Participant: 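Got a structure here, written out as structure tokens. Questions coming.
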Amino acid sequence: MAQLQRIVQSSATSYGSSSGADVAVPDKFPNGLRVLVVDDDTTCLRILETMLRRCLYDVTTCSQAAVALNILRKKKGCFDVVLSDVHMPDMDGYKLLECIGLEMDLPVIMMSADGRVSAVMKGIRHGACDYLIKPIREEELKNIWQHVVRKKWNENKELEHSGSFEDNDRQKKVNDEVEYASSVNEATEGVLKAQKKRICAKEEDDGELENDDPSATKKPRVVWSVELHQQFVSAVNQLGIDKAVPKRILELMNVPGLTRENVASHLQKFRLYLKRLSGVQGGISNAFCAPVETNVKLGSLGRFDIQALAASGQIPPQTLAALQAELFGRPTGNLVTAMEQPALLQSSLQGPKCIPAENGFGVWAPNNLGGVAPGSNLGGVSPQNGNMLMDILHQQQRQQPQKQQHLQPQQQSTLSEPSRSINVQPSCLVVPSRSSANFQAGNSPASVNQNCSFNRSAVIDYNFLSSQSNNSSLNVGQISDGDIKTTGILSGYAAPGSISPSASSCSVTADNNTSQHIQNLTMAFRAAGQVPGFVPNFADIQASYGAKSGEMLDQGPLRNLGFIGRGTCIPSRLAVDEFESPMNDLSCGKIYFNNNASRVKEEPNLEFVDNAKVGIPMLQQYTPNDLMSVFTD
Amino acid sequence: MLGLDADRLRADMNRLLALLFHQGVLDEQFLQLQQLQDESSPNFVSEVVNIYFHESEKLLRNLRSLLMDREFSDYKKLGIHLNQMMGSSSSIGAKRVRNVCVAFRAASEQNNRAGCLRALELLEHEYCYLNNKLHELFQIEQQRVLAAGVRYPMHM
């Protein structure tokens with residue numbers, strides 16, 4: 001193990017310093033790799049054993065999953081990798097995989113004669129690092145050491161980069177997404193503190209892996225049997241992953257002898273486990289929906305003073321919780337749906353020191369698309385503009401007069417689960433969340449998928465949900481949410497808006513999909529980013545539009561804006577359903593959003609992350625009438 | 001004389017193997033198995049194949065008793081058995097047995113009992129053939145080792 005550790009370390013450093021090309025490998029590696037093979041099929045077991053020995057690995061075989069689990073528990077740190085069959089009579093291979101993943105975080109390679117995609121997918125979803133289809137050849141086994149190295153390596157890298165991630169590391173971000181989202185909940189401390197905590201947790205894990213002598217631990221260990229774990233999981237489910245705190249879980253489980261610390265540590269592992277799973281899923285969805293990539297990154301920022309915000313009463317705790325629940329509860333299946341849709345939005349923000357990024361994608365039914373072409377507005381976003389501090393943003397929302405609704409009868413649509421979820425977390429990544437809302441429009445079959453992305457960081461989540469239409473002004477260091485009424489949409493849209501002021505600049509981006517209904521003059525627009533005169537004023541905004549932006553222009557309504565501010569940033573997001581917004585006085589730093597309030601549903605979600613250090617007052621104003629006049633031809 | 005015998009037996013073995021490959025009874029995985037046999041485990045192939053026969057007979061019995069049950073409906077269990085059969089058969093290179101298992105599993109996934117029964121018959125037949133041929137092979141092998149064993153002392 002020490003040998004392996006050296007390799008990993010040397011490789012990690014070489015990776016960090018250069019391009020990670022050469023990994024210094026001792027001559028003998030990977031000889032002596034400690035492999036545990038679990039297979040109820042003794043024929044395969046015998047063959048595998050022989051093959052592995054010929055690879056000069058240190059092999060332990062076992063024909064029962066339960067026995068294997070016992071061995072692993074008793075000899076913690078005595079194995080580097082586990083090879084496990086999928087179908088075993090006493091315990092499903094997936095369950096074993098789950099237990100191993102939860103308890104010792106070893107790389108597990110699944111094996112089965114069943115090579116169907118569904119089976120392999122299931123293995124990957126459960127966290128297998130590889131899936132070998134029987135018959136297994138010796139060449140395949142020769143290479144399994146790579147999973148051990150990779151795992152170690154990733155852990156080291158994670159350690160190094162926690163807080164700021166590489167651009168090309170999207171997969172990783174996705175991986176971490178859930179963990180962050182969940183850990184963020186309780187985190188009311190500063191970024192640094194949280195990061196430190198995280199690192200400590202990692203070290204703890206490593207220590208556990210390398211600790212060959214289980215007796216060294218002083219406290220009596222709780223063995224998380226499958227049953228106990230089930231109890232734990234159901235307790236967590238009952239509470240909701242976001243609200244699950246060790247104390248409450250303990251109460252729900254009601255197991256004598258179990259301490260809060262036991263539960264807390266298991267909860268931490270469970271979250272790590274979820275994180276790994278989500279990574280896999282995220283990766284899959286990315287693979288399938290290549291065009292829908294959301295690539296956002298957050299750089300590291302200054303710290304946020306959340307407590308100040310919380311103290312100011314601006315952030316109701318339950319809002320946070322609700323948001324989290326939403327995040328977790330949303331089925332990933334929607335992503336796929338979104339892909340089928342003709343229009344996809346992609347926004348990627350890149351730039352050094354960029355922090356808040358946001359992307360989302362919306363899907364429109366093509367025929368519903370109006371002729372709104374925001375293209376001209378694009379020019380307005382120029383990164384090199386001087387710093388401008390937006391003092392005031394007004395955002396107001398007003399209710400549309402009823403007659404507006406008459407004009408747009410088709411817009412009576414049902415919104416199923418309009419959700420805007422925003423998590424803002426400083427200093428980490430913004431990852432697309434898997435939450436998506438489907439909208440079904442009554443007359444038009446278009447479905448809208450909204451994909452909200454949230455930032456995750458070790459620290460903070462803000463979510464604002466305001467159900468009432470409020471005009472709120474944002475003052476320095478405060479978060480106020482404006483109300484945005486979302487109404488049913490004919491064509492459907494997904495509009496994430498983001499407001500991200502950077503230290504010296506702020507950018508307001510409202511992603512609106514402008515969907516113009518031809519007869520009705522309904523227009524959706526994307527506000528901020530595309531508003532001429534508005535965006536240019538922000539410094540440090542480097543927005544790169546997704547590759548698809550060109551096509552999107554033609555379609556008008558499809559667009560994502562991502563903004564990355566720099567320094568302390570306030571990532572915020574507005575999800576606004578059809579906006580009819582006049583963008584007047586952009587140069588004045590005002591944005592007018594117009595909403596049709598009289599629509600079927602309202603689910604305004606506004607998220608702000610405000611940096612306490614940077615005071616940026618923001619106001620939202622929505623002037624409904626102006627909008628129509630502006631955008632209507 | 002004895003040396004010639006050993007050579008002849010080796011040729012017989014090779015001829016039989018070639019036949020089995022030609023018929024698709026065995027595939028290259030069986031050669032992998034043979035390559036795993038060395039000084040440290042001189043009887044590796046026959047050892048593994050005997051384990052395989054032992055396990056497979058159990059599985060076949062289970063499959064039959066499952067399917068013969070009047071109230072049979074546990075296709076899932078059937079699938080699990082078949083999966084194991086597939087895994088072990090493919091691991092020793094029993095290609096045709098494996099292929100029948102695939103068809104068998106397809107029938108069981110469609111809850112096609114008649115198809116399952118047909119596949120079971122076929123599977124038993126294929127298994128039987130494999131069993132006979134491999135035993136024949138091992139027998140020749142044994143004779144060859146004996147013949148060679150007798151010869152070596154003469155040269156020493």
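Naming convention: chains lettered A, B, ... in sequence-line order (proteins, then strands); numbering from 1 in each chain. Because the structure is a prediction, the values reported are computed rather than measured.
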Participant: Taking atom CG of B/Leu59 and atom CG of A/Asp41, what is their separation to the nearest 0.5 Å?
Facilitator: 7.5 Å
Participant: How close do B/Gly87 and A/Lys134 get, counting heavy atoms only, and between which atoms?
Facilitator: CA-CD, 3.9 Å
Participant: Tell me, yes or no, whether the heavy-atom count around B/Arg10 atom CZ, taken from other residues, nucleotides or ligands under 6.0 Å, exceeds 12.
Facilitator: no
Participant: Side chain, backbone, both or neither: which part of A/Glu139 has an atom under 4.5 Å from a heavy atom of chain B?
Facilitator: side chain
Participant: Pick whichever of B/Leu33, B/Asn83, B/Val48 has the most heavy-atom pairs under 4.5 Å with chain A.
Facilitator: B/Asn83
Participant: Do you know which two heavy atoms are closest between A/Ile136 and B/Gln29, and how far apart they sit?
Facilitator: O-NE2, 3.5 Å
Participant: Rounded at 0.5 Å granularity, tell me how far CD1 in B/Ile92 sits from CZ in A/Arg46.
Facilitator: 14.0 Å
Participant: Any chance you could measure A/Thr42, atom OG1, to B/His54, atom NE2, to the nearest 0.5 Å?
Facilitator: 7.5 Å
Participant: With a 4.5 angstrom heavy-atom cut-off, which part of A/Met88 approaches chain B: side chain, backbone, both or neither?
Facilitator: neither
Participant: If you count every heavy atom of other residues, nucleotides or ligands that lies below 6.0 Å from A/Lys151 atom NZ, does the total exceed 12?
Facilitator: yes
Participant: What distance separates A/Thr50 OG1 from B/Gln37 CD, expressed to the nearest 0.5 Å?
Facilitator: 10.5 Å
Participant: At their closest point, which heavy atom of B/Ser91 faces which heavy atom of A/Ile47, and how far apart are they?
Facilitator: O-CD1, 3.5 Å
Participant: Within the 4.5 Å heavy-atom criterion, are A/Asp85 and B/Gln84 side-chain neighbours or not?
Facilitator: no
Participant: Restricting to non-hydrogen atoms, name the atom on A/Asp40 and the atom on B/Glu55 that form the minimum distance, rounded to 0.1 Å.
Facilitator: O-OE1, 4.3 Å
Participant: Compare every heavy atom of B/Asp38 with every heavy atom of A/Arg54, then report the nearest pair and how far apart it is.
Facilitator: NH1-OD2, 3.7 Å
Participant: Counting heavy atoms not belonging to B/Glu47, are there more than 12 under 6.0 Å from its CD?
Facilitator: yes
Participant: Using heavy-atom distances under 4.5 Å, tell me whether A/Arg137 contacts chain B through its side chain, its backbone, both, or neither.
Facilitator: both
Participant: So which residue, A/His87, A/Glu138, A/Arg116, ends up with the most heavy-atom pairs under 4.5 Å with chain B?
Facilitator: A/Arg116
Participant: Do you know which of B/Met86, B/Met85, B/Gln32 has the most heavy-atom pairs under 4.5 Å to chain A?
Facilitator: B/Gln32
